[in-house]
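Letters A, B, ... mirror the listed sequences (proteins, then strands); counts begin at 1. What you see below is based on every heavy atom in this structure, not just the backbone, and it leaves out hydrogens, waters and symmetry mates. Note that the coordinates shown come from a computational prediction; the quantities given were computed from them, not determined experimentally.
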Protein chains: 2
Amino acid sequence: MTELSLNMDEYLPLRDVVFHTLRRAILTGQLKPGERLMEIHLAQKLGVSRTPVREAIHKLELEGLVTMMPRRGAQVAQISEKGLKDVLEVRRALDAFCAELACERITPKEEEELKKACREFEEAVKIGDPTLIATKDVAFHDIIINSTGNERLISTINNLAEQIYRYRFEYIKDASQRPRLMEEHRTLLDAILNKDSARAGKAARIHIDNQEISILSQIYPEG
Amino acid sequence: MTELSLNMDEYLPLRDVVFHTLRRAILTGQLKPGERLMEIHLAQKLGVSRTPVREAIHKLELEGLVTMMPRRGAQVAQISEKGLKDVLEVRRALDAFCAELACERITPKEEEELKKACREFEEAVKIGDPTLIATKDVAFHDIIINSTGNERLISTINNLAEQIYRYRFEYIKDASQRPRLMEEHRTLLDAILNKDSARAGKAARIHIDNQEISILSQIYPEG
DNA sequence: ATTCTGTATGTTGTATACAATATTCTTTAA
DNA sequence: TTAAAGAATATTGTATACAACATACAGAAT
């Protein structure tokens with residue numbers, strides 16, 4: 001009966017296709033902060049009607065990637081220095097919390113995955129490709145976050161991460177930061193493997209602290 | 001020139017009117033978990049077209065109050081025991097964080113407001129009206145949360161609070177819990193006024209712990 | 001030159017129409 | 001009686017039309 005079970009769940013509403021397209025464009029910087037998003041133009045460009053474009057833009061607004069003024073349309077969200085600090089402050093608290101929970105809840109299988117992810121991150125650093133480094137960095141942290149088993153926590157952190165993705169990538173491109181990044185990952189890995197939640201939490205906090213300093217100094221050199 | 005400055009910013013898109021209407025209906029239990037939300041019916045009931053109803057439903061989905069299946073419509077979100085625990089786990093961490101931050105950042109003016117809110121909560125308990133108690137309870141916590149000055153933190157916590165609003169109200173109606181609630185508020189107030197962040201954080205955590213125990217035992221009496 | 005006003009244009013907000021898919025009910029066959 | 005199939009209905013997804021408002025620009029009055 002299920003020999004040829006081609007997946008019938010592959011349907012994606014157009015609004016979601018548009019949403020993912022625009023989201024990627026924003027996160028990769030193709031659409032720059034402050035740029036206006038006009039429904040008709042985007043609809044024509046993407047070959048759909050205004051309706052799915054509207055719905056996608058609204059979704060992006062609720063995710064915080066787009067800001068809207070009633071009757072004046074939408075634009076790619078600008079993040080202020082204060083906004084960035086606010087996001088990072090919440091992330092620091094939640095990342096530390098994740099690290100502490102991970103000490104209690106991580107499974108042996110996930111421990112192996114985490115070790116592997118740590119190794120692969122270091123290899124990526126050796127290779128030196130920023131995109132690869134960013135990918136492996138995300139993978140490492142995702143294992144920790146997912147090991148908490150708390151879906152609400154996971155989605156909350158992912159939303160925060162999305163807010164600063166654009167700026168974080170600049171941070172990763174700065175090669176001088178990478179040895180420190182590696183060191184911090186190792187400390188965090190070691191603390192989690194030893195179920196030392198105090199040290200794990202502290203390591204996670206320091207990790208974000210350094211990110212914050214670096215990102216802020218790049219975006220707001222005077223501040 | 002500004003003698004007669006009638007407010008021109010009063011315009012609210014219909015989608016937001018519908019959104020607030022539906023949101024309130026869900027939070028107050030008029031629309032019950034699992035109930036289907038059908039665009040045409042709601043549109044007719046509210047005297048608008050499908051478009052603003054659709055947009056309002058999508059907004060509710062992103063806020064987590066509604067779940068959608070593509071091409072099958074939306075229904076009021078059901079929260080599972082796991083989902084409730086997950087929300088409360090994140091809230092506990094963030095509420096504790098807020099309490100700690102409040103110790104550092106609360107202004108003298110906010111301190112007075114907090115004292116007043118604490119008193120008013122106790123008066124509400126004496127009067128015994130659940131709705132009033134709930135309102136004063138929210139007001140007390142809002143002062144603490146707002147005193148952090150971190151907008152992202154504020155909106156994140158408010159979203160979490162919204163998820164459990166329906167169940168929390170049942171908790172407040174349980175009169176046997178109220179003396180404990182008052183005691184916990186006093187402890188939290190005292191810790192913040194004395195800038196004792198460790199104690200404030202601990203008090204916030206205990207506060208949520210008790211909520212969790214009480215809410216869970218009411219919704220899932222066997223669990 | 002500057003400010004105000006009116007008009008033309010562009011954009012969003014809402015309503016509606018049509019298409020595609022889900023659901024329900026009836027009918028038919030075993 | 002039950003199960004399956006098919007038609008009828010309901011509902012969502014998308015496109016388009018129209019109205020309301022915002023913006024930009026040109027011209028007139030000061």
Indicate the atoms forming the closest heavy-atom contact of B/I208 with B/L88, along with that distance. CG2-O, 3.8 Å
Sole residue of B/N146, B/I144, B/N150 in side-chain contact (heavy atoms from CB on, under 4.5 Å) with B/T148: B/N150
Report the distance from atom [atom1] of [X] to atom [atom2] of [N], rounded to the nearest whole Å.
| X | N | atom1 | atom2 | value |
| --- | --- | --- | --- | --- |
| B/L46 | C/dA15 | CG | P | 11 Å |
| A/M68 | C/dT11 | CE | P | 14 Å |
| A/M38 | D/dT23 | CE | C1' | 12 Å |
| B/Y11 | C/dT12 | OH | P | 13 Å |
| B/L42 | C/dA15 | CG | P | 14 Å |
| A/Q44 | C/dG10 | CD | P | 12 Å |
| A/E61 | C/dG13 | CD | P | 10 Å |
| A/L12 | C/dT21 | CG | C1' | 16 Å |

State whether A/H41 places a side-chain N or O below 4.0 Å from either non-bridging phosphate oxygen (OP1 or OP2) of C/dG10. no
At less than 4.0 Å, is any side-chain N or O atom of B/S49 found next to OP1 or OP2 of C/dA15? Yes or no. yes
Tell me which of B/R36 and B/V48 sits closer to the 5' end of DNA chain C, going by the nucleotide each one is nearest to. B/V48
Contact class for B/L37 vs. all strands (heavy atom < 4.0 Å): base, sugar-phosphate, or nothing?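 Since only primed, P, OP1 and OP2 atoms lie under 4.0 Å of B/L37, the category is sugar-phosphate.
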Sugar-phosphate, base or nothing in reach of B/R54, heavy atoms under 4.0 Å: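 Base contact.
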List the atom pairs, donor and acceptor, that lie under 3.5 Å between side-chain atoms in residues 40-52 of chain A and the rest of the protein, sequence neighbours left out.
{"unit_1": "A/S49", "atom_1": "OG", "unit_2": "A/T51", "atom_2": "N", "d": "3.3"}
{"unit_1": "A/R50", "atom_1": "NE", "unit_2": "A/E39", "atom_2": "OE1", "d": "2.9"}
{"unit_1": "A/R50", "atom_1": "NH2", "unit_2": "A/E39", "atom_2": "OE1", "d": "2.8"}

Anything under 30° is parallel, anything over 60° is perpendicular, the rest tilted; go ahead and classify B/F140 against B/H185. parallel
Compare the minimum distances between each of [options] and the side chain of [X], then state the nucleotide with the smallest one.
| X | options | answer |
| --- | --- | --- |
| B/R72 | C/dT23, D/dT12, C/dT12 | C/dT23 |
| B/E39 | D/dT12, C/dG13, C/dT11 | D/dT12 |
| A/R71 | D/dT14, D/dC21, C/dT14 | D/dC21 |
| B/T51 | C/dT16, D/dT14, D/dT12 | C/dT16 |

Let's test your reading of the model: under 3.5 Å, does the base of C/dG13 pair with the side chain of A/R50 as donor and acceptor?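 Result: at least one qualifying N/O pair found.
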Test applied, salt bridge (Lys or Arg N to Asp or Glu O under 4.0 Å); reference residue, B/E212; option that passes from B/R92, B/R91, B/K85: B/R92
